[in-house]
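Written below as structure tokens is the structure these notes are about.
As the structure is a prediction and not an experimental result, all values here were calculated from the model. The figures that follow rest on heavy atoms only: side chains count, while hydrogens, waters and symmetry mates do not. Numbers restart at 1 for each chain; the letters A, B, ... are given by sequence-line order, proteins then strands.
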Amino acid sequence: MQVAPSDTTALSAYSPEVRQHLFQYVLQLADTSLILGHRLSEWCGHGPILEQDLAMANIALDLLGETRSFYQYAAELEGKGRTEDDLAFLRVATEYRNPLLVEQPNGDFAATVVRQFLFDTFHFHFLQQLQTSSDERLAAIAEKSWKEAAYHLKWSSEWIIRLGDGTDESRQRLNKALANLWRYSGELTTPTATEQALQTLGIIPEYTRFQEAMTAHVAKVFAEATVPVPQETYMQRGGKEGRHSEHLGYILTELQYMQRTYPGMTW
Amino acid sequence: MVATQAPTEERVWQLLEEVSDPEVPVLSILDLGIVRKVQVQDQAVTVTITPTYSGCPAMNTIATDIRLRLLAEGITQVTIHNQLSPAWTTDWMSQAGREKLEAYGIAPPVDGTATGHLLNLFGQDTAVRCPLCKSEHTHLVSQFGSTACKAFYQCDDCHEPFDYFKCHS
Ligand SMILES: [Zn+2]
């Protein structure tokens, strides 16, 4: 896209160290929405009904839009001439900073809904707070994307309720998906060293600030779904520091195929 | 025809009125309310636009269409700025735009009904008027329609299925 972003933060105001943290962190945000958006796009043409096929494609598109805003900013922060496309298509799996949750396979519709719900709950509350970031660019992207995240959370929350309070089959599938995916939810709000550094500077919100609101939302939705909130469990993490499950490699193989095979190609 | 003098700001606004939304061609980009600012300095024109939705694929086309329309007037130095904040809202859609939408068969946004109220799960949606028979007995089929900015409704009286341009504020 040829459109140049006009909201410029005085990047020079950041020390090289902070700027490096911010670059890594903005990459993490971009990678997260890219990989989840890609997963959702795998449903295109395979949704259980047309309206839900469209819903998932719409959500994927919103996430991709957010992705581009973040990669464009990351490219500016790095300042080494790499473009948004270079960052999306020419990095290897260990350089990706997305949490493990978003790379998990689509599974059945219940698994996709659970993955989306866990992510949306975080995403919505996080973006709400990010709007007050001292970094103007992040605040502006958050303002835009938060409105969209509200629609996503409404969609996935309603589906948790429909599946949980639906038939025996749907309930069983929901429970199975929860048993598989809950362990990936903790990574979202467990700060890495990079996140801690930025939280201390007030550039990104402390996750504890909205933990209560997240827990309340999950409890409310699960109560309506007549499904118990999963027990405390050992939480998997590592994706935000580049330690991924085997799934990411397969995603990147597909996602990066054209640029790897025909470097610099455009159409 | 190639203009030899510098374009005026007023002229640029007139030209932008002729650029339509590629997804809803009855609307100009001014009706849609995405043009924030026009600046003219000598021969150089800067147009600042705000995207409707962050993943909206029409934004690229709109940027190209703006360039092409200005180019046809001999304006070659065009910069298009993409401004994210303040975020676009359907409040910026013109009254003329709303009327054109309804005549085209798309229900215009009902102000003050933005979905931010996520705790209102399954909550009944806004009374959206059927663009065909004008009945307000309609129901939401899907929050996600043919494009990011629309939801899908159906009329309970005449049974017309229609797009609703979602309120976004
Ligand atoms: Zn009707």
Side-chain angles (χ1 to χ4, degrees), chain A residues 1-7 33 37 49-70 72-73 120-121 124-125 128 131 136-137 139-162 216-217 220-221 224, chain B residues 34 36-37 39 46-64 66-67 78-90 114-123 125 140-154 161 163 166-169:
Chain A
M1 165 142 124
Q2 318 85 336
V3 182
S6 64
D7 0 44
S33 45
I49 51 171
L50 180 61
E51 285 77 11
Q52 299 314 320
D53 196 291
L54 277 175
M56 288 187 281
N58 264 279
I59 296 171
L61 196 57
D62 286 343
L63 290 172
L64 200 60
E66 188 184 335
T67 301
R68 296 194 57 183
S69 299
F70 285 135
Q72 286 167 6
Y73 187 32
D120 291 342
T121 301
F124 173 83
H125 292 94
Q128 192 167 32
Q131 295 175 61
E136 281 175 32
R137 186 76 166 271
I141 298 171
E143 182 185 344
K144 180 94 221 147
S145 299
W146 177 63
K147 293 181 177 185
E148 297 164 2
Y151 282 110
H152 305 170
L153 182 56
K154 187 170 192 294
W155 179 84
S156 56
S157 299
E158 288 176 354
W159 272 107
I160 293 279
I161 295 167
R162 284 193 195 96
H217 182 73
K220 175 184 147 70
V221 171
E224 278 194 56
Chain B
I34 61 166
R36 298 271 68 71
K37 212 165 38 179
Q39 291 156 293
T46 303
V47 180
T48 303
I49 58 176
T50 303
T52 50
Y53 283 74
S54 29
C56 181
M59 295 310 290
N60 277 339
T61 312
I62 289 172
T64 307
I66 292 174
R67 285 176 195 282
V78 180
T79 306
I80 298 178
H81 276 296
N82 182 13
Q83 180 183 311
L84 293 177
S85 178
W88 178 79
T89 138
T90 42
T115 315
H117 328 296
L118 70 129
L119 297 180
N120 182 23
L121 299 175
F122 300 107
D125 338 281
L140 174 74
V141 178
S142 173
Q143 197 62 252
F144 299 92
S146 56
T147 64
C149 53
K150 293 182 223 122
F152 190 46
Y153 270 72
Q154 189 174 20
D163 273 335
K166 284 188 267 201
C167 177
H168 204 56
S169 61

Is there side-chain contact between [X] and [Y], with at least one heavy-atom pair below 4.5 Å?
X: B:Phe144; Y: A:Gln52; value: no
X: B:Gln143; Y: A:Asn58; value: no
X: B:Tyr153; Y: B:Asp163; value: no

Item to check | Toward chain A, the part of B:Thr52 with a non-hydrogen atom under 4.5 Å | outcome: backbone
Checklist outcome for this item: For A:Asp120 and A:His152, the nearest pair of non-hydrogen atoms, with its separation, is OD2-O, 3.1 Å
Item to check | Contacting region of A:Ile161 [heavy-atom separation from chain B under 4.5 Å] | outcome: side chain
Checklist outcome for this item: Greatest number of non-hydrogen atom pairs under 4.5 angstrom with chain B, of A:Met56, A:Glu66, A:Glu51, A:Glu148, falls to A:Glu148
